[in-house]
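Pasting a structure here, questions to come.
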Amino acid sequence: MSRPASAKFLYRIIRFERLVQMLKTDEWHFAHPSTWEDPYEIRIKNSLSPALFAQCWCRNGVSDAMWRIYSQDKLGVRIRTNTDRLRAALHTVSRERDIGFRVARVKYVNELQYIALTGKNALDLARRVTFVRASAHLYFKRLAFEHEAETRVVALDLLQPQDAQPRGLRIKLDSRNLIESVLVDPRAPDEYVEAYRHYLKETLNFPGTVRKSSLYRSNEARET
């Protein structure tokens with residue numbers, strides 16, 4: 001049975017400079033939850049907390065809210081990856097660097113459900129700390145964030161220094177193989193779109209498509 005279209009692709013809106021860095025170095029940044037704005041992300045702490053890092057993706061490829069949140073200067077870009085290809089690449093890294101990865105959808109719940117889930121998670125961790133239990137709280141969020149339609153990639157790197165304040169983890173991945181297309185903010189001036197396209201295609205030899213989002217244009221084909 002084939003999977004639904006929503007499960008085939010994942011999307012992220014990032015700064016153009018970040019995309020260039022990814023294509024030049026093949027380094028993908030995974031952030032420590034303590035660097036995020038939502039304090040609920042670090043509400044549960046355990047012995048593996050310093051070694052947990054995450055990267056957030058969206059399953060919805062067309063979202064006005066996501067453009068406005070993550071591309072506030074109207075110059076950001078949306079990258080798309082194939083879910084299966086990303087999982088395969090992470091599996092290779094896991095074998096080579098002994099880093100654990102978990103890819104799963106975030107569940108959005110109300111406040112009472114959140115309290116119940118975190119309580120159960122705390123009890124589970126008190127019995128035994130495992131990767132799945134240590135990262136469980138990163139896979140449920142409050143309903144206020146439901147627009148994110150998020151899938152998270154959580155990495156466990158036990159070689160991280162335990163006495164240092166963790167900030168992020170860089171992992172080598174083949175950017176040209178994983179990033180299938182680039183969509184430029186629908187509010188970006190056409191001159192920027194053309195400049196982005198020229199630099200990505202002519203200077204960095206990016207093989208995927210580069211175009212402007214048609215979100216605010218009428219009578220356009222549905223974009224993915």
Side-chain angles (χ1 to χ4, degrees), residues 3 5-31 53-64 66-99 101 103 149-155 157 167-217 220-224:
R3 293 196 294 175
S6 60
K8 184 177 181 181
F9 300 115
L10 294 173
Y11 309 87
R12 291 188 75 205
I13 295 175
I14 59 177
R15 300 189 313 274
F16 180 71
E17 308 93 273
R18 173 60 62 86
L19 171 60
V20 169
Q21 178 265 327
M22 292 169 70
L23 290 170
K24 282 186 173 181
T25 68
D26 283 335
E27 288 186 343
W28 289 39
H29 179 75
F30 286 68
F53 302 86
Q55 194 174 79
C56 306
W57 293 80
C58 179
R59 296 185 301 278
N60 185 1
V62 184
S63 172
D64 174 77
M66 297 298 282
W67 280 120
R68 294 183 185 277
I69 294 169
Y70 294 102
S71 178
Q72 294 185 11
D73 63 359
K74 304 178 183 180
L75 297 175
V77 294
R78 190 211 72 183
I79 60 175
R80 186 184 81 179
T81 190
N82 178 288
T83 308
D84 291 334
R85 198 176 297 174
L86 177 61
R87 287 179 181 272
L90 294 172
H91 181 68
T92 299
V93 173
S94 182
R95 294 199 315 267
E96 294 175 348
R97 288 188 54 182
D98 197 25
I99 296 177
F101 290 100
V103 183
E150 191 174 342
T151 289
R152 277 187 174 167
V153 182
V154 176
D157 183 8
R167 299 293 296 175
L169 174 69
R170 292 192 179 276
I171 293 175
K172 284 279 189 178
L173 292 169
D174 186 349
S175 298
R176 284 169 177 75
N177 179 54
L178 291 176
I179 301 174
E180 296 184 338
S181 66
V182 174
L183 207 63
V184 185
D185 191 307
R187 302 163 297 175
D190 290 340
E191 294 81 3
Y192 276 83
V193 178
E194 187 55 40
Y196 285 1
R197 182 186 294 113
H198 179 81
Y199 188 76
L200 293 174
K201 304 295 284 187
E202 302 300 324
T203 302
L204 298 183
N205 297 312
F206 174 66
T209 59
V210 181
R211 62 186 180 90
K212 184 176 182 176
S213 169
S214 60
L215 180 61
Y216 302 137
R217 299 180 198 164
E220 291 281 351
R222 181 179 180 271
E223 62 188 27
T224 57

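Hydrogens, waters and symmetry mates are skipped; everything else that's a heavy atom, side chains included, is used. None of these values were measured; they are calculated from a predicted model.
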Which heavy atom of Leu23 sits nearest a heavy atom of Phe206, and at what distance?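 Nearest pair, atom of Leu23 first, then Phe206: CD2-CD1, 4.0 Å.
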Using a cut-off of 6.0 Å, state whether more than 12 heavy atoms not belonging to Asp174 lie near its atom CG.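 Counting neighbours around CG of Asp174, more than 12 heavy atoms of other residues, nucleotides or ligands fall under 6.0 Å, so yes.
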Among residues at least two apart in sequence or on other chains, which ones pass salt bridge (Lys or Arg N to Asp or Glu O under 4.0 Å) with Arg97?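 Here no residue qualifies.
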Heavy-atom closest pair, residues Gly61 and Arg78: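 Shortest heavy-atom contact: O-NH1, 2.8 Å.
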Under the side-chain hydrogen bond (donor to acceptor under 3.5 Å, both in side chains) test, residues paired with Thr151 that sit two or more places apart: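 Once residues adjacent in sequence are excluded, the partners of Thr151 under the side-chain hydrogen bond (donor to acceptor under 3.5 Å, both in side chains) criterion are Arg59.
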Regarding His91 and Arg95, is there a side-chain donor-to-acceptor distance under 3.5 Å anywhere?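 Yes, because at least one side-chain N or O of His91 sits under 3.5 Å from a partner of the opposite role on Arg95.
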Looking at residues at least two apart in the chain, or sitting in another chain, which of them share a side-chain contact (heavy atoms from CB on, under 4.5 Å) with Asn82?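 Only Lys8, Phe9, Asp84, Arg85, Glu180 meet the side-chain contact (heavy atoms from CB on, under 4.5 Å) criterion with Asn82.
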Results of side-chain hydrogen bond (donor to acceptor under 3.5 Å, both in side chains) for Ser213 - residues two or more places apart only: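 By the side-chain hydrogen bond (donor to acceptor under 3.5 Å, both in side chains) rule, Ser213 matches Glu223.
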Between Val103 and Leu90, does a side-chain contact (heavy atoms from CB on, under 4.5 Å) hold up when you go through it step by step? CA-CA 10 Å; Val103 183; Leu90 294 172; 3.9 Å; yes
Using the side-chain contact (heavy atoms from CB on, under 4.5 Å) criterion, which residues pair with His29? Sequence neighbours excluded.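 Partners of His29 by the side-chain contact (heavy atoms from CB on, under 4.5 Å) criterion, ordered by chain and then number, come out as Arg18, Ala31, Arg170.
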Verify side-chain contact (heavy atoms from CB on, under 4.5 Å) between Val182 and Thr209, making sure each step is shown before the conclusion. CA-CA 6 Å; Val182 174; Thr209 59; over 6 Å; no
In sequence, state the C-alpha distance, the side-chain angles, and the governing distance for Phe30 and Val153, and then conclude on side-chain contact (heavy atoms from CB on, under 4.5 Å). CA-CA 9 Å; Phe30 286 68; Val153 182; 3.6 Å; yes
Rounded to the nearest 0.5 Å, how far does CD1 of Ile14 lie from CD1 of Ile79?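 Between Ile79 CD1 and Ile14 CD1, I get 4.0 Å after rounding to 0.5 Å.
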Gap separating the CG atom of Leu200 from the CG atom of Leu19, nearest 0.5 angstrom: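 Here the rounded value is 5.5 Å.
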Residues which pass salt bridge (Lys or Arg N to Asp or Glu O under 4.0 Å) with Glu194, listed by chain and number, not counting sequence neighbours: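 Glu194: salt bridge (Lys or Arg N to Asp or Glu O under 4.0 Å) contacts with Arg197.
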For the backbone of Met22 and the side chain of Ser175, can you confirm whether one donor and one acceptor N or O come within less than 3.5 Å of each other?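 Checking the backbone N and O of Met22 against the side chain of Ser175, a donor-acceptor pair under 3.5 Å is found.
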Sequence neighbours left out, what passes salt bridge (Lys or Arg N to Asp or Glu O under 4.0 Å) with Asp73? Give chain and number order.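 Residues passing salt bridge (Lys or Arg N to Asp or Glu O under 4.0 Å) with Asp73: none at all.
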CD1 of Ile69 to OG of Ser63: how many Å apart, nearest 0.5 Å?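 One finds 7.0 Å between CD1 of Ile69 and OG of Ser63.
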Over all heavy atoms of both residues, which pair between Ala89 and Leu173 is shortest? Give the atoms and the distance, please.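 Nearest pair, atom of Ala89 first, then Leu173: CB-CD2, 3.9 Å.
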So, using side-chain hydrogen bond (donor to acceptor under 3.5 Å, both in side chains) as the criterion, who are the partners of Thr25 when residues are at least two apart?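 Thr25 satisfies side-chain hydrogen bond (donor to acceptor under 3.5 Å, both in side chains) with Gln21 once adjacent residues are dropped.
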Quick one: do Ile13 and Val77 satisfy side-chain contact (heavy atoms from CB on, under 4.5 Å)? Show the steps, please. CA-CA 5 Å; Ile13 295 175; Val77 294; over 6 Å; no
Which atoms form the tightest heavy-atom contact between Cys56 and Arg152, and what is the distance?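 Cys56 and Arg152 have their closest heavy atoms at SG-NE, 3.5 Å.
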Partners meeting side-chain hydrogen bond (donor to acceptor under 3.5 Å, both in side chains) with Asp190 (sequence neighbours left out):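 Once residues adjacent in sequence are excluded, the partners of Asp190 under the side-chain hydrogen bond (donor to acceptor under 3.5 Å, both in side chains) criterion are Lys212.
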Pairwise side-chain contact, Leu86 with Phe101, heavy-atom cut-off 4.5 Å (strictly under):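 Answer no - side chains too far apart.
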Residues that Arg187 engages under side-chain contact (heavy atoms from CB on, under 4.5 Å), provided they are two or more places apart: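 In terms of side-chain contact (heavy atoms from CB on, under 4.5 Å), with neighbours along the sequence ignored, Arg187 is linked to Trp67, Arg68, Ser71, Lys74, Asp185, Tyr216.
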Got Leu183 and Val210 here, is their nearest side-chain heavy-atom distance under 4.5 Å?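 No; the side chains remain at least 4.5 Å from each other.
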Can you see which heavy atom on Tyr11 is nearest to which on Asn60, and at what distance?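 What the structure gives for the nearest pair is CD1-C, 3.9 Å.
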Distance alone, cut at 3.5 Å: any donor-acceptor contact between the side chains of Trp57 and Thr81?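 Thr81 and Trp57 do not have a side-chain donor-acceptor pair below 3.5 Å.
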Can you name the salt bridge (Lys or Arg N to Asp or Glu O under 4.0 Å) partners of Arg15, sequence neighbours left out?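 Arg15 satisfies salt bridge (Lys or Arg N to Asp or Glu O under 4.0 Å) with Glu17 only.
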Once side-chain contact (heavy atoms from CB on, under 4.5 Å) is applied, do any residues pair with Tyr192, and if so which ones, sequence neighbours excluded?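 For Tyr192, the residues satisfying side-chain contact (heavy atoms from CB on, under 4.5 Å) (neighbours in sequence not counted) are Leu75, Pro189, Tyr196.
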